[in-house]
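Throughout, protein chains are lettered first and strands after them, A, B, ... in sequence-line order, and every chain is numbered starting at 1. The figures that follow rest on heavy atoms only: side chains count, while hydrogens, waters and symmetry mates do not.
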Amino acid sequence: MHTRAPCARMPQPGAVPELPEVETIVRQLAPLVEGRMITAAEILDPRWSAPLSPDELGEALLGRRIQSLGRRGKYIVWELGDELHLVQHLRMSGVVLFEPDREPGHVRVRLELDGGRAHVVVSDARRFGTGQLVAGAAELELFFAERLGLEPFDEDFTGAHLRALVRGRRTPIKALLLDQRRVAGVGNIYADEALFRARIHPERRAGALTLAQCEALREGVIEALASGIDARGASIDDFRHVDGVRGTFQERFLVHRRAGEPCPRCGGEIRKLVVAGRGTYVCERCQPRPRRRR
DNA sequence: AGGTCGGCCTGGCAGC
DNA sequence: TGCTGCCAGGCCGACC
(Lines give C-alpha, C1' and ligand atoms only; values in the text may rest on other atoms or scores of the structure.)
Protein backbone atom coordinates (compact mmCIF):
# COMPACT_ATOMS: atom_id res chain seq x y z
CA MET A 1 0.00 0.00 0.00
CA HIS A 2 1.60 3.22 -1.02
CA THR A 3 0.59 6.38 0.81
CA ARG A 4 -1.82 8.66 -0.93
CA ALA A 5 -2.81 12.09 0.22
CA PRO A 6 -6.47 12.02 1.18
CA CYS A 7 -8.26 14.16 -1.32
CA ALA A 8 -11.47 15.95 -0.49
CA ARG A 9 -14.21 15.61 -3.07
CA MET A 10 -12.09 13.21 -5.10
CA PRO A 11 -14.26 11.83 -7.87
CA GLN A 12 -13.77 8.18 -8.64
CA PRO A 13 -13.02 6.26 -10.70
CA GLY A 14 -11.80 7.62 -13.90
CA ALA A 15 -9.45 9.24 -16.24
CA VAL A 16 -8.81 7.37 -19.32
CA PRO A 17 -5.84 8.10 -21.55
CA GLU A 18 -6.78 10.48 -24.35
CA LEU A 19 -4.54 12.33 -26.80
CA PRO A 20 -2.64 14.41 -24.19
CA GLU A 21 -2.04 11.42 -21.93
CA VAL A 22 -0.78 9.26 -24.81
CA GLU A 23 1.35 12.14 -26.10
CA THR A 24 2.87 12.51 -22.62
CA ILE A 25 3.75 8.83 -22.49
CA VAL A 26 5.27 8.86 -25.97
CA ARG A 27 7.37 11.98 -25.32
CA GLN A 28 8.74 10.50 -22.11
CA LEU A 29 9.23 6.96 -23.36
CA ALA A 30 10.64 7.60 -26.84
CA PRO A 31 14.12 8.73 -25.75
CA LEU A 32 14.28 5.84 -23.29
CA VAL A 33 13.53 3.06 -25.76
CA GLU A 34 14.50 4.27 -29.24
CA GLY A 35 17.47 2.39 -30.66
CA ARG A 36 17.17 -0.41 -28.11
CA MET A 37 16.60 -4.05 -28.93
CA ILE A 38 13.80 -6.19 -27.52
CA THR A 39 15.64 -9.15 -26.00
CA ALA A 40 12.66 -10.68 -24.20
CA ALA A 41 8.94 -10.17 -24.62
CA GLU A 42 6.47 -11.64 -22.19
CA ILE A 43 2.75 -11.25 -22.95
CA LEU A 44 0.72 -12.35 -19.94
CA ASP A 45 -2.80 -11.76 -21.27
CA PRO A 46 -4.10 -13.34 -24.48
CA ARG A 47 -6.68 -10.57 -24.78
CA TRP A 48 -3.86 -8.07 -25.22
CA SER A 49 -2.25 -9.85 -28.17
CA ALA A 50 -5.44 -11.16 -29.85
CA PRO A 51 -5.86 -12.32 -32.56
CA LEU A 52 -2.27 -13.53 -32.12
CA SER A 53 -1.49 -15.73 -29.15
CA PRO A 54 0.88 -14.29 -26.53
CA ASP A 55 3.61 -16.63 -27.79
CA GLU A 56 3.13 -15.62 -31.42
CA LEU A 57 3.32 -11.91 -30.61
CA GLY A 58 6.24 -12.37 -28.23
CA GLU A 59 8.10 -14.31 -30.89
CA ALA A 60 7.48 -11.57 -33.46
CA LEU A 61 8.84 -8.87 -31.14
CA LEU A 62 11.94 -10.78 -30.12
CA GLY A 63 15.19 -9.43 -31.56
CA ARG A 64 13.52 -6.33 -33.01
CA ARG A 65 15.18 -2.95 -32.61
CA ILE A 66 12.83 -0.08 -31.71
CA GLN A 67 13.37 2.48 -34.47
CA SER A 68 10.97 5.08 -33.11
CA LEU A 69 7.96 5.57 -30.90
CA GLY A 70 5.09 7.72 -32.10
CA ARG A 71 1.43 8.57 -31.55
CA ARG A 72 -1.61 8.63 -33.81
CA GLY A 73 -4.91 9.51 -32.13
CA LYS A 74 -4.85 7.55 -28.89
CA TYR A 75 -2.60 4.85 -30.33
CA ILE A 76 1.08 4.36 -29.48
CA VAL A 77 3.02 3.23 -32.55
CA TRP A 78 6.22 1.24 -32.04
CA GLU A 79 8.28 1.16 -35.26
CA LEU A 80 10.25 -2.05 -35.25
CA GLY A 81 12.12 -1.97 -38.56
CA ASP A 82 11.32 -3.62 -41.90
CA GLU A 83 8.03 -1.68 -41.82
CA LEU A 84 6.75 -3.75 -38.91
CA HIS A 85 4.72 -1.82 -36.33
CA LEU A 86 3.33 -2.65 -32.93
CA VAL A 87 0.17 -0.58 -32.60
CA GLN A 88 -0.75 -0.27 -28.94
CA HIS A 89 -3.97 1.10 -27.43
CA LEU A 90 -4.32 1.77 -23.68
CA ARG A 91 -8.14 2.01 -23.76
CA MET A 92 -9.49 2.52 -20.23
CA SER A 93 -6.83 1.79 -17.68
CA GLY A 94 -3.60 1.02 -19.54
CA VAL A 95 -0.32 2.39 -18.21
CA VAL A 96 3.20 2.07 -19.66
CA LEU A 97 5.98 2.11 -17.06
CA PHE A 98 9.73 2.29 -17.58
CA GLU A 99 11.86 0.66 -14.89
CA PRO A 100 9.15 0.76 -12.19
CA ASP A 101 10.45 0.92 -8.61
CA ARG A 102 7.93 -1.61 -7.47
CA GLU A 103 6.18 -4.30 -9.44
CA PRO A 104 2.79 -2.81 -10.34
CA GLY A 105 -0.42 -4.80 -10.24
CA HIS A 106 -2.20 -6.08 -13.35
CA VAL A 107 0.94 -6.55 -15.45
CA ARG A 108 -0.04 -7.62 -18.98
CA VAL A 109 3.23 -7.15 -20.90
CA ARG A 110 6.88 -7.12 -19.96
CA LEU A 111 9.59 -6.10 -22.41
CA GLU A 112 13.27 -6.56 -21.67
CA LEU A 113 15.54 -4.25 -23.66
CA ASP A 114 19.24 -4.62 -24.47
CA GLY A 115 19.67 -7.84 -22.53
CA GLY A 116 18.22 -6.49 -19.27
CA ARG A 117 19.66 -2.96 -19.30
CA ALA A 118 16.08 -1.65 -19.36
CA HIS A 119 12.51 -2.87 -18.89
CA VAL A 120 9.10 -1.68 -20.02
CA VAL A 121 5.97 -2.90 -18.26
CA VAL A 122 2.37 -2.51 -19.42
CA SER A 123 -0.16 -2.59 -16.59
CA ASP A 124 -3.89 -2.59 -17.30
CA ALA A 125 -6.44 -3.24 -14.57
CA ARG A 126 -9.51 -3.44 -16.80
CA ARG A 127 -7.88 -5.46 -19.56
CA PHE A 128 -9.27 -3.50 -22.51
CA GLY A 129 -5.81 -2.55 -23.77
CA THR A 130 -4.42 -4.14 -26.92
CA GLY A 131 -1.24 -4.50 -28.93
CA GLN A 132 -1.36 -5.62 -32.53
CA LEU A 133 1.16 -6.01 -35.30
CA VAL A 134 0.74 -4.11 -38.54
CA ALA A 135 3.20 -5.02 -41.30
CA GLY A 136 3.87 -2.50 -44.06
CA ALA A 137 3.77 1.29 -44.28
CA ALA A 138 0.74 1.27 -46.57
CA GLU A 139 -1.05 -1.16 -44.25
CA LEU A 140 -0.39 1.18 -41.32
CA GLU A 141 -1.83 4.09 -43.30
CA LEU A 142 -4.89 2.00 -44.08
CA PHE A 143 -5.24 0.89 -40.45
CA PHE A 144 -5.46 4.50 -39.33
CA ALA A 145 -7.47 5.71 -42.32
CA GLU A 146 -10.20 3.24 -41.38
CA ARG A 147 -10.26 4.33 -37.75
CA LEU A 148 -9.14 7.93 -37.36
CA GLY A 149 -9.98 11.40 -38.63
CA LEU A 150 -7.60 14.34 -38.71
CA GLU A 151 -5.23 15.03 -35.86
CA PRO A 152 -6.46 18.19 -34.10
CA PHE A 153 -2.99 19.74 -34.40
CA ASP A 154 -2.92 19.13 -38.16
CA GLU A 155 -3.00 22.43 -40.04
CA ASP A 156 -5.94 21.10 -42.08
CA PHE A 157 -8.02 20.81 -38.92
CA THR A 158 -9.83 24.13 -39.34
CA GLY A 159 -13.25 25.57 -38.61
CA ALA A 160 -14.18 24.94 -42.25
CA HIS A 161 -13.06 21.32 -41.94
CA LEU A 162 -15.23 20.89 -38.83
CA ARG A 163 -18.14 22.55 -40.58
CA ALA A 164 -17.86 20.01 -43.40
CA LEU A 165 -17.72 17.16 -40.85
CA VAL A 166 -20.89 18.19 -39.04
CA ARG A 167 -22.94 19.06 -42.12
CA GLY A 168 -26.26 17.25 -42.12
CA ARG A 169 -25.47 15.30 -38.97
CA ARG A 170 -28.26 15.09 -36.40
CA THR A 171 -26.11 13.54 -33.70
CA PRO A 172 -25.22 15.66 -30.62
CA ILE A 173 -21.97 17.55 -31.16
CA LYS A 174 -20.36 15.77 -28.22
CA ALA A 175 -21.01 12.37 -29.83
CA LEU A 176 -19.36 13.61 -33.00
CA LEU A 177 -16.30 14.86 -31.10
CA LEU A 178 -15.96 11.46 -29.45
CA ASP A 179 -16.11 9.66 -32.82
CA GLN A 180 -12.45 8.91 -33.58
CA ARG A 181 -13.19 8.61 -37.30
CA ARG A 182 -14.16 12.29 -37.32
CA VAL A 183 -11.57 13.77 -34.97
CA ALA A 184 -8.65 11.73 -33.63
CA GLY A 185 -7.75 11.70 -29.97
CA VAL A 186 -10.61 13.52 -28.22
CA GLY A 187 -12.23 11.56 -25.38
CA ASN A 188 -14.73 12.35 -22.67
CA ILE A 189 -12.63 14.78 -20.62
CA TYR A 190 -11.35 16.92 -23.47
CA ALA A 191 -14.71 16.94 -25.27
CA ASP A 192 -16.30 18.57 -22.20
CA GLU A 193 -13.45 21.04 -21.83
CA ALA A 194 -13.44 21.95 -25.54
CA LEU A 195 -17.23 22.49 -25.67
CA PHE A 196 -17.11 24.68 -22.58
CA ARG A 197 -14.31 26.78 -24.06
CA ALA A 198 -16.34 27.15 -27.27
CA ARG A 199 -19.54 27.92 -25.31
CA ILE A 200 -21.43 25.16 -27.13
CA HIS A 201 -23.90 22.86 -25.39
CA PRO A 202 -22.87 19.19 -25.79
CA GLU A 203 -26.42 18.21 -26.83
CA ARG A 204 -26.55 20.70 -29.69
CA ARG A 205 -27.26 18.99 -33.01
CA ALA A 206 -23.91 18.85 -34.85
CA GLY A 207 -25.34 19.98 -38.17
CA ALA A 208 -26.83 23.12 -36.59
CA LEU A 209 -23.42 24.62 -35.73
CA THR A 210 -22.52 27.80 -37.62
CA LEU A 211 -19.11 28.28 -39.19
CA ALA A 212 -18.25 30.70 -36.38
CA GLN A 213 -19.16 28.04 -33.81
CA CYS A 214 -17.07 25.46 -35.68
CA GLU A 215 -14.15 27.86 -35.56
CA ALA A 216 -14.67 28.39 -31.84
CA LEU A 217 -14.89 24.63 -31.34
CA ARG A 218 -11.66 24.08 -33.25
CA GLU A 219 -10.00 26.62 -30.94
CA GLY A 220 -11.56 24.95 -27.90
CA VAL A 221 -10.36 21.48 -28.91
CA ILE A 222 -6.83 22.68 -29.58
CA GLU A 223 -6.62 24.76 -26.41
CA ALA A 224 -8.00 21.99 -24.21
CA LEU A 225 -5.62 19.40 -25.68
CA ALA A 226 -2.61 21.74 -25.55
CA SER A 227 -3.41 22.57 -21.95
CA GLY A 228 -3.63 18.85 -21.17
CA ILE A 229 -0.26 18.17 -22.80
CA ASP A 230 1.23 21.14 -20.94
CA ALA A 231 -0.01 19.63 -17.64
CA ARG A 232 1.33 16.23 -18.75
CA GLY A 233 -2.10 14.67 -18.80
CA ALA A 234 -4.86 14.11 -16.28
CA SER A 235 -4.66 11.45 -13.55
CA ILE A 236 -7.92 10.82 -11.77
CA ASP A 237 -7.38 7.19 -11.08
CA ASP A 238 -5.21 5.02 -13.30
CA PHE A 239 -3.17 7.23 -15.59
CA ARG A 240 0.52 7.53 -14.72
CA HIS A 241 3.63 8.82 -16.45
CA VAL A 242 6.24 6.26 -17.52
CA ASP A 243 7.99 6.89 -14.18
CA GLY A 244 4.77 6.34 -12.21
CA VAL A 245 4.13 10.05 -11.51
CA ARG A 246 0.61 11.45 -11.86
CA GLY A 247 -0.40 14.07 -14.40
CA THR A 248 -1.81 17.37 -13.14
CA PHE A 249 -4.45 18.35 -15.68
CA GLN A 250 -7.26 17.19 -13.37
CA GLU A 251 -6.43 20.26 -11.27
CA ARG A 252 -7.06 22.47 -14.31
CA PHE A 253 -10.41 21.03 -15.42
CA LEU A 254 -12.74 23.93 -16.12
CA VAL A 255 -15.97 21.90 -15.93
CA HIS A 256 -15.20 18.19 -16.19
CA ARG A 257 -16.03 16.38 -12.94
CA ARG A 258 -16.90 19.66 -11.27
CA ALA A 259 -20.67 19.20 -10.81
CA GLY A 260 -21.99 21.57 -8.15
CA GLU A 261 -18.99 23.88 -8.36
CA PRO A 262 -19.18 27.41 -9.76
CA CYS A 263 -18.42 27.96 -13.43
CA PRO A 264 -14.96 29.56 -13.71
CA ARG A 265 -16.33 32.02 -16.24
CA CYS A 266 -19.75 33.15 -14.95
CA GLY A 267 -20.06 31.62 -11.50
CA GLY A 268 -23.15 29.63 -12.44
CA GLU A 269 -23.46 26.07 -11.19
CA ILE A 270 -21.83 23.33 -13.22
CA ARG A 271 -24.27 20.51 -13.98
CA LYS A 272 -23.76 16.87 -14.80
CA LEU A 273 -25.72 15.42 -17.72
CA VAL A 274 -25.55 12.19 -19.68
CA VAL A 275 -24.87 12.77 -23.38
CA ALA A 276 -24.06 9.98 -25.83
CA GLY A 277 -24.07 7.67 -22.81
CA ARG A 278 -21.21 9.54 -21.12
CA GLY A 279 -21.00 11.63 -17.98
CA THR A 280 -21.01 15.19 -19.30
CA TYR A 281 -20.28 18.43 -17.45
CA VAL A 282 -21.65 21.73 -18.58
CA CYS A 283 -22.35 25.32 -17.53
CA GLU A 284 -25.78 25.87 -19.02
CA ARG A 285 -25.45 29.63 -18.65
CA CYS A 286 -22.28 29.75 -20.79
CA GLN A 287 -23.40 26.86 -22.98
CA PRO A 288 -27.09 27.52 -23.61
CA ARG A 289 -29.22 24.42 -23.94
CA PRO A 290 -30.53 23.96 -27.48
CA ARG A 291 -34.23 24.58 -28.05
CA ARG A 292 -36.27 21.40 -28.42
CA ARG A 293 -37.17 20.81 -32.03
CA ARG A 294 -37.82 18.05 -34.47
C1' DA B 1 -26.25 4.34 -44.01
C1' DG B 2 -26.48 7.02 -40.06
C1' DG B 3 -27.51 6.48 -35.35
C1' DT B 4 -28.02 3.78 -31.08
C1' DC B 5 -26.98 0.22 -27.94
C1' DG B 6 -24.87 -3.76 -25.69
C1' DG B 7 -20.61 -6.23 -24.56
C1' DC B 8 -16.08 -6.36 -23.04
C1' DC B 9 -13.75 -5.78 -17.81
C1' DT B 10 -12.75 -4.80 -12.92
C1' DG B 11 -11.83 -1.50 -8.94
C1' DG B 12 -14.20 1.17 -6.05
C1' DC B 13 -18.05 2.88 -4.16
C1' DA B 14 -23.07 3.04 -2.37
C1' DG B 15 -26.34 0.70 -0.08
C1' DC B 16 -27.92 -2.46 3.01
C1' DT C 1 -18.20 -5.12 9.09
C1' DG C 2 -18.89 -7.49 4.88
C1' DC C 3 -21.42 -8.62 1.07
C1' DT C 4 -23.81 -7.50 -3.34
C1' DG C 5 -24.54 -4.86 -7.21
C1' DC C 6 -23.76 -1.09 -10.05
C1' DC C 7 -21.08 2.19 -12.64
C1' DA C 8 -17.46 4.17 -15.71
C1' DG C 9 -15.90 4.39 -20.38
C1' DG C 10 -13.08 3.52 -25.66
C1' DC C 11 -14.08 0.91 -29.20
C1' DC C 12 -16.38 -2.53 -31.99
C1' DG C 13 -20.05 -5.07 -33.87
C1' DA C 14 -24.99 -5.91 -34.07
C1' DC C 15 -29.13 -4.03 -35.02
C1' DC C 16 -32.80 -0.89 -36.79
Inset, instruction - Send over the distance from A:M92 CE to C:dG10 C1', rounded to a whole Å. - result: 6 Å

Inset, instruction - Kindly give the cluster partners of A:Y75, where membership spreads through any ILVMFWY side chain lying under 4.5 Å from a current member. - result: A:V77, A:V87, A:V134, A:L140, A:F143, A:F144, A:L148

Inset, instruction - List the protein contact pattern of nucleotides 11-16 of chain C with one symbol per nucleotide (5' to 3'): B for base contact, S for sugar-phosphate-only contact, - for none; contact means a heavy-atom distance under 4.0 Å. - result: BS----

Inset, instruction - Could you say whether A:P172 or A:A125 is positioned toward the 5' end of DNA chain B, judged by the nucleotide with the nearest heavy atom to each? - result: A:P172

Inset, instruction - Using a heavy-atom cut-off of under 4.0 Å over every strand shown, decide if A:G277 touches base, sugar-phosphate, or nothing. - result: nothing

Legend entry - Partners meeting side-chain hydrogen bond (donor to acceptor under 3.5 Å, both in side chains) with A:Y190 (sequence neighbours left out): A:E21

Side-chain donor-acceptor pairs under 3.5 Å in residues 272-281 of chain A, sequence neighbours left out?
{"unit_1": "A:T280", "atom_1": "OG1", "unit_2": "A:K174", "atom_2": "NZ", "d": "2.9"}
{"unit_1": "A:T280", "atom_1": "OG1", "unit_2": "A:R278", "atom_2": "O", "d": "2.9"}

Inset, instruction - Starting at atom CZ of A:R167, determine the distance to atom C1' of B:dG2, rounded to an integer number of angstrom. - result: 17 Å

Inset, instruction - Calculate the interatomic distance between A:F239 atom CZ and C:dG9 atom C1'; express it in whole Å. - result: 17 Å

Inset, instruction - May I have the distance from A:R126 (atom CZ) to B:dC13 (atom P), rounded to whole angstrom? - result: 12 Å

Inset, instruction - Could you state the atom-to-atom distance from CG of A:D45 to C1' of B:dT10 in whole Å? - result: 12 Å

Legend entry - Rounded interatomic separation in angstrom, taking CZ from A:F128 and C1' from B:dG11: 12 Å

Legend entry - Same cluster (ILVMFWY, side-chain, under 4.5 Å), A:F98 and A:V95: no

Legend entry - Helix axis bend for the helix from B:dG2-C:dC16 to B:dC16-C:dG2 - C1'-based end axes, five pairs, 10° rounding: 50°

Inset, instruction - Using a cut-off of strictly less than 4.0 Å, decide whether A:S93 has a side-chain nitrogen or oxygen near OP1 or OP2 of B:dC9. - result: no

Legend entry - A:E23/A:R27 ion pair, N-O < 4.0 Å: yes

Legend entry - A:T39: side-chain hydrogen bond (donor to acceptor under 3.5 Å, both in side chains) partners, not counting sequence neighbours: A:E112

Inset, instruction - Check step by step if side-chain contact (heavy atoms from CB on, under 4.5 Å) holds for A:D230 and A:R252. - result: CA-CA 11 Å; A:D230 187 55; A:R252 298 202 214 165; 3.3 Å; yes

Inset, instruction - Using a cut-off of strictly less than 4.0 Å, decide whether A:H106 has a side-chain nitrogen or oxygen near OP1 or OP2 of B:dG11. - result: yes

Inset, instruction - For A:Y281 and C:dG9, give me the distance from atom OH to atom C1', rounded to whole Å. - result: 12 Å

Inset, instruction - Compare side-chain N and O positions of A:R257 against OP1 and OP2 of C:dG9 and report whether any pair is under 4.0 Å apart. - result: yes

Inset, instruction - Identify whether the distance between the nearest side-chain nitrogen and carboxylate oxygen of A:E251 and A:R246 falls below 4.0 Å. - result: no

Inset, instruction - Could you tell me the separation between the CG atom of A:D124 and the P atom of B:dC8, rounded to a whole number of Å? - result: 17 Å

Legend entry - Flag, side chain of A:Q67 to backbone of A:E79, donor-acceptor distance under 3.5 Å: no

